[in-house]
Amino acid sequence: MAAPPPAPAAAAAAARAGGLVLWLHGSAETGEHSRGQIAPYFSAGPAVRLSFPTAPIACVGDVVLNAWFGIPEVPITATTVRDEQGVLEAVEHVHEMLDKEVAAGTSPTNIFVCGLSQGGALAIASVLLYPKTLGGCAVFSGSVPLSKSFADRVTPEARKTPVLWFHGMADGVVLFEAGHAGCAFLQELGMACEFKSSSIFDDGYSIV
């Protein structure tokens with residue numbers, strides 16, 4: 001006799017047994033575009049679920065496009081002033097996604113927040129202000145979009161989330177100095193942040 005199908009609750013719990021990678025795209029991109037580029041690299045890990053949300057419409061300078069928050073100017077440097085209120089609103093949106101995943105049964109330590117360029121900036125801001133230790137964060141040609149005044153809001157749990165940071169040495173949009181300064185800031189907080197320079201993002205692919 002065939003075994004009865006699992007109850008919906010049991011099936012949902014089993015579906016959450018693996019990890020989640022939340023990928024945040026750069027401005028002028030979409031989640032579906034990122035899925036086409038990134039998902040093939042995870043084909044060997046069927047237990048890993050992937051999420052590619054799309055940013056709302058925002059302004060980057062005088063241009064209206066898909067962006068997580070507004071950017072007043074480019075290139076992004078180590079001292080660029082951001083629209084921190086806009087950043088915090090975007091962080092809240094990411095936290096809602098994380099909270100929903102945790103409530104569904106995923107361990108926070110099995111959740112990885114990653115992003116490219118502006119998505120990388122949002123990824124690290126979201127990790128810094130999330131009150132739980134996550135599995136990790138990967139930043140690709142990003143920057144820290146918050147001032148050092150936010151250091152007091154980074155909980156001891158958040159500081160335990162490991163970070164891997166890649167940055168193009170000749171990136172002309174998010175300058176190398178911005179990425180290097182961001183990693184140094186995390187290390188000042190006592191976080192484990194490994195910084196790797198790369199030529200992959202030097203060809204103009206990296207966007208704000």
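If you're wondering where the values come from, they're calculated on a predicted model, not measured in any experiment.
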* Asked: Does the Gln118 side chain pair with the main chain of Ala67, one donor and one acceptor, at a distance under 3.5 Å?
  -> no
* Any side-chain heavy atom of Ser197 sitting closer than 4.5 Å to one from His167? -> no
* To do: Indicate the atoms forming the closest heavy-atom contact of Thr155 with Pro131, along with that distance.
  => OG1-CA, 3.9 Å
* **Heavy-atom side-chain proximity of Val173 to Ile76 below 4.5 angstrom** => no
* Glu101 side chain to Thr106 side chain, donor-acceptor N/O pair below 3.5 angstrom -> yes
* Main-chain N/O of Ser27 paired to Asn66 side chain as donor or acceptor, under 3.5 Å -> no
* **His25 side chain vs Ala55 backbone, donor-acceptor pair below 3.5 Å** => yes
* Residue list, salt bridge (Lys or Arg N to Asp or Glu O under 4.0 Å) with Glu96, at least two apart or on another chain -> none
* Asked: Which pairs with one or both residues in residues 122-131 pass salt bridge (Lys or Arg N to Asp or Glu O under 4.0 Å), sequence neighbours excluded?
  -> none
* Asked: Are side-chain N/O atoms of Ser143 and Arg82 paired as donor and acceptor at under 3.5 Å?
  -> yes
* May I ask whether Leu116 and Tyr41 are part of the same hydrophobic cluster, defined by side-chain heavy atoms of I, L, V, M, F, W, Y residues being less than 4.5 angstrom apart, directly or through others? => yes
* All side-chain contact (heavy atoms from CB on, under 4.5 Å) counterparts of Glu177, not counting sequence neighbours -> Thr77, Ala78, Leu175
* With sequence neighbours left out, which residue pairs that include part of residues 94-125 fulfil the ring-ring contact (aromatic ring centres under 6.0 Å, His included) condition? -> His95-Tyr130
Give the table of side-chain donor-acceptor pairs shorter than 3.5 Å for residues 156-164, with sequence neighbours excluded, one pair per line with atom names and distance.
residue: Arg159; atom: NE; partner: Val154; partner atom: O; Å: 3.0
residue: Arg159; atom: NH1; partner: Leu189; partner atom: O; Å: 3.2
residue: Arg159; atom: NH2; partner: Ala151; partner atom: O; Å: 3.1
residue: Arg159; atom: NH2; partner: Val154; partner atom: O; Å: 3.2
residue: Thr161; atom: OG1; partner: Leu134; partner atom: N; Å: 2.9
residue: Thr161; atom: OG1; partner: Ala158; partner atom: O; Å: 3.4

* Would you indicate whether the side-chain heavy atoms of Ser51 and Trp23 approach each other to under 4.5 Å? => no
* Qualifying salt bridge (Lys or Arg N to Asp or Glu O under 4.0 Å) pairs with a residue from residues 127-153, counting only residues at least two apart or across chains -> Lys148-Glu188
